[in-house]
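See structure below.
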Amino acid sequence: MANTILLQFGNPYFRIVPSDNVEKGKAIVSEDLNYLCQNGRARNRDIKILVENIYYKDELNVKISSTYSKNTFTRQTGYKKYDEYPSSVFINKEEYINLFNKQPYQSSVFVKDKEKIEETINKLKELGIKAQSIKDFKVNDNITLVQFVKIFKLIVTCILIFGLFFISYFIIRIILKSRNVYFTTLRMLGATTQNVKRILDIELFINSSLAYLSFLVFITLVRYNIVNVSFVNNLIEFLSIREYILMYVILIVMSRLISRRFAKKIFKKSAIKTYNEEV
């Protein structure tokens, strides 16, 4: 084996650890490293520690001053729990900081109030920091992060619409079943299918509108943090007036379809049978 031992940062067998007990330019290693040397002796060997990531590349050359065992671990390294540092390579603390603690290349700033994003960016620029809003970053040459936000917004809207649809469907069905006797009585009194449909349309329109109004009140309370539901608050950030209108239209259309189906079922059987069973 060559006189220099090469260690790549991230090596699962030899962890790099700082220690105040190690002199600059030196390293204290586990006696296990002896088995990697031709003469079974790691002391006085040179170690080249390589650090490479997407931000920078650096290296540190040190010489092994001694090796430690379980019995000499605490005295040589200054650490107490031997089992937590298997086969670790201990180097000078200052050299460790210089090797790994580089200046940050990128940081994220999260603003609670989205209305203050531009103001925050300007403040950061005044401090000499190059700042950009997340919507200004490009993912690649053709697709921007804004497009990803739009896709996510579409997914959120679909989830809300489907959720609103199924919840409203079951609630409307329960309401109509409870009104079975009332509408069957109207039929016995001479009401036609069209009469029942008109009454149903009016009732369901009013009920759906009131339910949707309650939904908007709840959303408003969440938006202004009067009601604290973080999950809902995150979702409504992606909704615009268009999505709210779309959900209301779908709710009204769904109500009309259910009323048509319910009215047909009332007149499908004889009035007595319909009166005595659930629709």
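In this chain, numbering begins with 1 at the start of the sequence shown.
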Test E23 against S65 for side chain to side chain donor-acceptor pair (under 3.5 Å), laying out the working first.
-> CA-CA 9 Å; E23 299 177 13; S65 60; over 6 Å; no
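Between A27 and V89, the closest heavy-atom pair is CB-CG1, 4.3 Å. What you find for S87 and S30 is that their closest heavy atoms are CA-CB, 3.7 Å.
No side-chain donor-acceptor contact under 3.5 Å links Y82 and T77.
The ring of F90 has its center closer than 6.0 angstrom to the ring center of Y79.
Among the candidates N34, V62, I47, the single residue satisfying the side chain to side chain contact (heavy atoms under 4.5 Å, CB included) test with V29 is I47.
At distances below 3.5 Å, not a single donor-acceptor pair connects side-chain atoms of T72 with backbone N or O atoms of Y68. With hydrogens and angles ignored, the 3.5 Å screen pairs no side-chain donor or acceptor of Q76 with any backbone N or O of I28. Counting only distance, with no hydrogens or angles, the side chain of D58 and the backbone of L99 share no donor-acceptor pair below 3.5 Å.
You'll find the side chain of E94 reaches within 4.5 Å of the side chain of K24, heavy atoms only. In this structure, L50 and K48 have side chains that are in contact, with non-hydrogen atoms separated by less than 4.5 Å.
Put simply, Y212 and I252 are part of the same group of oily side chains (I, L, V, M, F, W, Y) that touch within less than 4.5 Å, one to the next. Under the 4.5 Å side-chain heavy-atom criterion for ILVMFWY residues, no single connected hydrophobic cluster contains both I64 and V22.
Note on ring orientation: taking the six-membered ring where Trp is involved, the planes of Y244 and F215 are tilted (angle from 30° to 60°).
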